[in-house]
2 protein chains.
Amino acid sequence: MAKLSPETLRERSDHILDAAGRCFARAGFHRTTMQDICREAEVSPGALYIYFNSKEALIAGICERDRAEFASRFAAMPLGGDFMEALADLGRHFLEEPLDRRLLCIEVGIEATRNPKVGEIQKSVDDFIRTSFRELFTKLKDEGRIAPVFDIETVLDAFLTIADGLLWRRAVDENFKADVVLPPLLHAVAALLRPITDGAKS
Amino acid sequence: MAKLSPETLRERSDHILDAAGRCFARAGFHRTTMQDICREAEVSPGALYIYFNSKEALIAGICERDRAEFASRFAAMPLGGDFMEALADLGRHFLEEPLDRRLLCIEVGIEATRNPKVGEIQKSVDDFIRTSFRELFTKLKDEGRIAPVFDIETVLDAFLTIADGLLWRRAVDENFKADVVLPPLLHAVAALLRPITDGAKS
DNA sequence: GCACTAAAAACGAACGATCGTTCTTTTTCA
DNA sequence: TGAAAAAGAACGATCGTTCGTTTTTAGTGC
């Protein structure tokens, strides 16, 4: 008796995760202390350790949640109609995220190269994104709506590299302006995909 | 009397910096301990602190040296003749760096967002690179060798974002293959610059 | 060229601070 | 009221750094 309801448990765990996310984004994984997170979440160490039994678990938790959110947001993107316009929308949406999340994204990416557990989580997002775009590009090619000069896998590599450039720059460059870079980058991507408009070459 | 010659001092300081660089690349700035660096350099803490009086100084030293090396290497690049070929060379050269340096590059970039001293160093590299390419693109445009659709500054932003994508991916993606991504990315960059070949539009 | 010397360089045990984590106590709630 | 949840002082480990000691080194007189 006196066990908190699953919803309450989930609520408090999320609350701590939120606080941890802010701390990690602010100072990086290895410079934020457990005390920092406790202070940010207004929770005692004892309470924190009920929900996460190590700092590692907290990092993994952040990564996992970040992954899930990104995947679901990405999956909800409508890539059916005018796909170049949809890509632009995706880009804009992607670049409107708060600074917290931007830095966290980078932080996770680096941690993934050194922490196997985080590495696995990160890999699953990467695979998800790659697969999603591969399917899209393949479909578009099969339907004759694009005529890429390079094969799909190569175009995919280049496309994802450009996307990573945005990922990096939006986090690191304080003067970053989405509406400036997005048009030329979409132009560059169009050169890779070579979309067919009205059956005539562009 | 019995003071070491400036060359010897420089030698040993470089030796420590080398070791620190390897450690930092391996585990990141904030997870490598001074003991790690001492072990790697085969030097006692006391000796290390003669050459660098804090961990901060060591980080700044690494950044500074990295910056200088990159700048000089970049400045030595021949961008005179066929500039698309020169860009390809630059890219290949850039992507052949050892993994150590790749991860260090990313590490420095993040540290720059949180450590003012590193931030200044990083900014000076960024400015140098941006200025170099701005001058190149402006010259090419004035000479009628390129006909970009967007203005120079916008093209520059997009170009540097793509370059950052390479910077990130070559460090983080273990399956990264330079010879696969480089051709399509150069194709994309060409779409931005629109080089003029033999006076005819491509 | 060789002992001698004084200062610089290097050593490495040890310091205080702070880290992640635990544990005893107190509070909260079904 | 009894067990779960939260609190927060305290733990051992480890961090960056220091400091008393030893070793090395370049200059000196012979």
Task: Over-ring placement of R12(B) relative to Y51(B), 6.0 Å and 45° cut-offs - done: no
Measure from [atom1] on [X] to [atom2] on [N] and round the result to the nearest Å.
{"X": "L4(B)", "N": "dA10(C)", "atom1": "CG", "atom2": "P", "answer": "6 Å"}
{"X": "L48(B)", "N": "dT18(D)", "atom1": "CG", "atom2": "P", "answer": "12 Å"}
{"X": "I50(B)", "N": "dA9(C)", "atom1": "CD1", "atom2": "P", "answer": "6 Å"}
{"X": "E7(B)", "N": "dT25(D)", "atom1": "CD", "atom2": "P", "answer": "15 Å"}

Give every donor-acceptor pair under 3.5 Å between a side-chain atom in residues 103-111 of chain A and any protein atom, sequence neighbours left out.
{"unit_1": "E107(A)", "atom_1": "OE1", "unit_2": "R114(B)", "atom_2": "NH1", "d": "3.1"}
{"unit_1": "E107(A)", "atom_1": "OE1", "unit_2": "R114(B)", "atom_2": "NH2", "d": "3.1"}
{"unit_1": "E107(A)", "atom_1": "OE2", "unit_2": "F29(A)", "atom_2": "N", "d": "3.4"}
{"unit_1": "E111(A)", "atom_1": "OE1", "unit_2": "H30(A)", "atom_2": "NE2", "d": "3.0"}
{"unit_1": "E111(A)", "atom_1": "OE2", "unit_2": "N115(A)", "atom_2": "ND2", "d": "3.3"}

Open item on the list: Are F74(A) and F133(A) an aromatic pair, judged by ring center distance below 6.0 Å?
Closed with: yes
Task: Close aromatic pair by centroid cut-off 6.0 Å: F137(B) and F83(B) - done: no
- [ ] Go along nucleotides 18-23 of chain C 5' to 3' and tag each nucleotide: B for a protein heavy atom under 4.0 Å from its base, S when only backbone or sugar atoms are that close, - otherwise.
- [x] -SSBBB
Task: A191(A) versus V149(A), closest heavy-atom pair with distance - done: O-CG2, 4.4 Å
Open item on the list: Strictly below 4.0 Å, N to O, side chains only: are R92(B) and E85(B) in salt-bridge contact?
Closed with: yes
Task: Check: R101(A) and D66(A) side chains under 4.5 Å, non-hydrogen atoms - done: yes
Open item on the list: For a quick check of understanding: with a heavy-atom distance under 4.0 Å over all strands, which category does F52(A) fall into, base, sugar-phosphate or nothing?
Closed with: nothing
- [ ] Using a cut-off of strictly less than 4.0 Å between a heavy atom of the residue and any atom of DNA chain C, enumerate the qualifying residues of residues 8-22 of chain A by number.
- [x] none
TODO: Check whether the side chains of D151(B) and T154(B) place a donor and an acceptor atom closer than 3.5 Å, and report yes or no.
DONE: yes
